[in-house]
Trainee: 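Following this message is one structure expressed as structure tokens.
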There are 2 protein chains.
Amino acid sequence: MQRTRGRAPSGGRAGALSQEVIVGAAVSLLDELGERGLTFRLLAKELNTGTGALYWHVSNKDELVDLAADQVLGHAFAAHPSLEEDAASGLRALAVAVFDALDRHPWAASHVSAPPTLANALRLLDRVGTLVARTGLPAERHFTVATAISYYITGVSAQIIAPRPTHDATVSREDFLARTARRWEELDPADYPFLTRTTQHLRDHADRDQFIAGLDLLLDGLNATAAPRPPAGDSNAW
Amino acid sequence: MQRTRGRAPSGGRAGALSQEVIVGAAVSLLDELGERGLTFRLLAKELNTGTGALYWHVSNKDELVDLAADQVLGHAFAAHPSLEEDAASGLRALAVAVFDALDRHPWAASHVSAPPTLANALRLLDRVGTLVARTGLPAERHFTVATAISYYITGVSAQIIAPRPTHDATVSREDFLARTARRWEELDPADYPFLTRTTQHLRDHADRDQFIAGLDLLLDGLNATAAPRPPAGDSNAW
DNA sequence: ACCTGAACACCGTTCAAGT
DNA sequence: ACCTGAACACCGTTCAAGT
């Protein structure tokens, strides 16, 4: 359960074990084989050690996978240097960078949980908060709004990206959508009036665009409420 | 992998196995022991059968847990008869009913995935869509908006509700939040300028309210865009 | 302080056999 | 058609022993 923080004190041999090395190797295995495929035995072999050695640096498999997911989340910041001017476009860019990072490592999406405790999940909320703070919003709303946005980013990404047939990469995402659309068509219109009417939309519906559309809705909401709010209680009228 | 649809043909003994009975028992075990605690051996003993019998009705543990989660999602509709008039308040009520249902069965939240394929997940999207259709929104936007809202509902719920220490129910949610707040206080303000400034908000932050606040933001966004949209491209200005 | 690897206590899943 | 239960092929995790 101990962690090796920072570099090893002395030179040590090149392949010296550390939490970072282990997590990095775990990410590769996770990418290749999925969560089920990642095994302490396999990981140990990959790193030329025994399984026991891994437990010196990581408390258990849950922690290992969480750390791996947080490392993946970190990729988003590399891609997105954060120096946008405009708050709205900065938030959009950040959100999309996170979506894309998770999309490249589908197993990771469901392991980012809230409120954040690991380094990069914290960083995400912090950046979102910093951008929100540049807005015209009153300071008391910053936290709530920042949280809502960052939960949307990770939560909806996870929904969309979550590995389908838990292990079976033979079915492409498009096949999956097409098959789902076909199933929707067979539903009873009495039970599912909306879906049976709308199944066409699922076919030419791109996940990533859907993610962005929802995000824009959220940001529009922000925009709308940035102006002084109506008396609480009679929120939405339509 | 075969399923028993509907009731058994003849009377049969009271405890006759069926997919529904199995899934129901799985929900109880899941509630008590969490996902790790649910075991085919244990479930079989609970139902007075052998493990092999279970596999006649359910293809594997993944399917079993997915079905159990969908059953939990179904609770939300029982609590929410759907006959609201106003689209906005109907959506709010539906969303909160889903959140509360998942909150009572935390293991379920992360197993509702998108796009929906199981009965109650489909029902959720359908109801959301039906409510959205009552709005002033142009018909081409119904699908996208309905999807955004229902992904928000299940995705953000999952984020917030996801079982913390995967198995350890000894730590209450409040303890967890308090502990997290304390950890945020110790962060380096240089790395996390927003969070270290705002840690107080986490302490008195109620998950459920947070969920609703984000939802309202989304609905406000809807409201704002229900009016004719500005020329595409210059969406948010602030 | 860190690594080794055998051993323990499980699990999901399959399958030949029954009714 | 549906159920039984032993058996297979794993796993995560621990721990006494080493360096």
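Lettering follows sequence order; numbering is per chain, from 1.
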Trainee: Can you list everything that forms a side-chain hydrogen bond (donor to acceptor under 3.5 Å, both in side chains) with A:E185? Sequence neighbours excluded, please.
Mentor: A:R203
Trainee: Do we see a donor-acceptor contact under 3.5 Å between the side chains of A:S113 and B:Q159?
Mentor: no
Trainee: Within this structure, what is the CG-to-C1' distance between A:L42 and D:dA9, rounded to whole angstrom?
Mentor: 16 Å
Trainee: Excluding sequence neighbours, so at least two apart, what forms ring-ring contact (aromatic ring centres under 6.0 Å, His included) with A:F143?
Mentor: B:H201, B:H205
Trainee: Do nucleotides 11-19 of chain C as a string where each nucleotide becomes B, S or -: B if the base has a protein heavy atom under 4.0 Å, S if just the sugar-phosphate does, - if no protein is that close.
Mentor: BBBBB----
Trainee: Under 4.0 Å from OP1 or OP2 of C:dA1: is there any side-chain N or O of A:H57 that close?
Mentor: no
Trainee: Output yes when at least one side-chain N/O atom of B:W56 is less than 4.0 Å from OP1 or OP2 of D:dC2, else no.
Mentor: yes
Trainee: To the nearest 0.5 Å, how far apart are CG in B:L73 and NE2 in B:H105?
Mentor: 11.0 Å
Trainee: Quick one: the dot-bracket string of DNA chain D, using Watson-Crick and G-U wobble pairs with both distances under 3.5 Å, [ ] for crossing pairs and | for bases paired to another strand.
Mentor: ||.|||||...|||||.||
Trainee: Tell me: CG of B:L47 to C1' of D:dC3, nearest whole Å?
Mentor: 13 Å
Trainee: Go through the structure and list residues passing salt bridge (Lys or Arg N to Asp or Glu O under 4.0 Å) with B:D100, not counting sequence neighbours.
Mentor: B:R208
Trainee: Got a sec, which residues hit salt bridge (Lys or Arg N to Asp or Glu O under 4.0 Å) with A:D207, two or more places apart in sequence or on another chain?
Mentor: A:R173
Trainee: How many angstroms lie between CG in A:L64 and OH in A:Y55, if you round to the nearest 0.5 Å?
Mentor: 9.0 Å
Trainee: Rounding to a whole Å, what distance do you find between A:Q19:CD and C:dC2:C1'?
Mentor: 15 Å
Trainee: Send over the distance from A:L54 CG to C:dC2 C1', rounded to a whole Å.
Mentor: 12 Å
Trainee: Do B:F211 and A:Y151 have ring centroids that are under 6.0 Å from one another?
Mentor: no
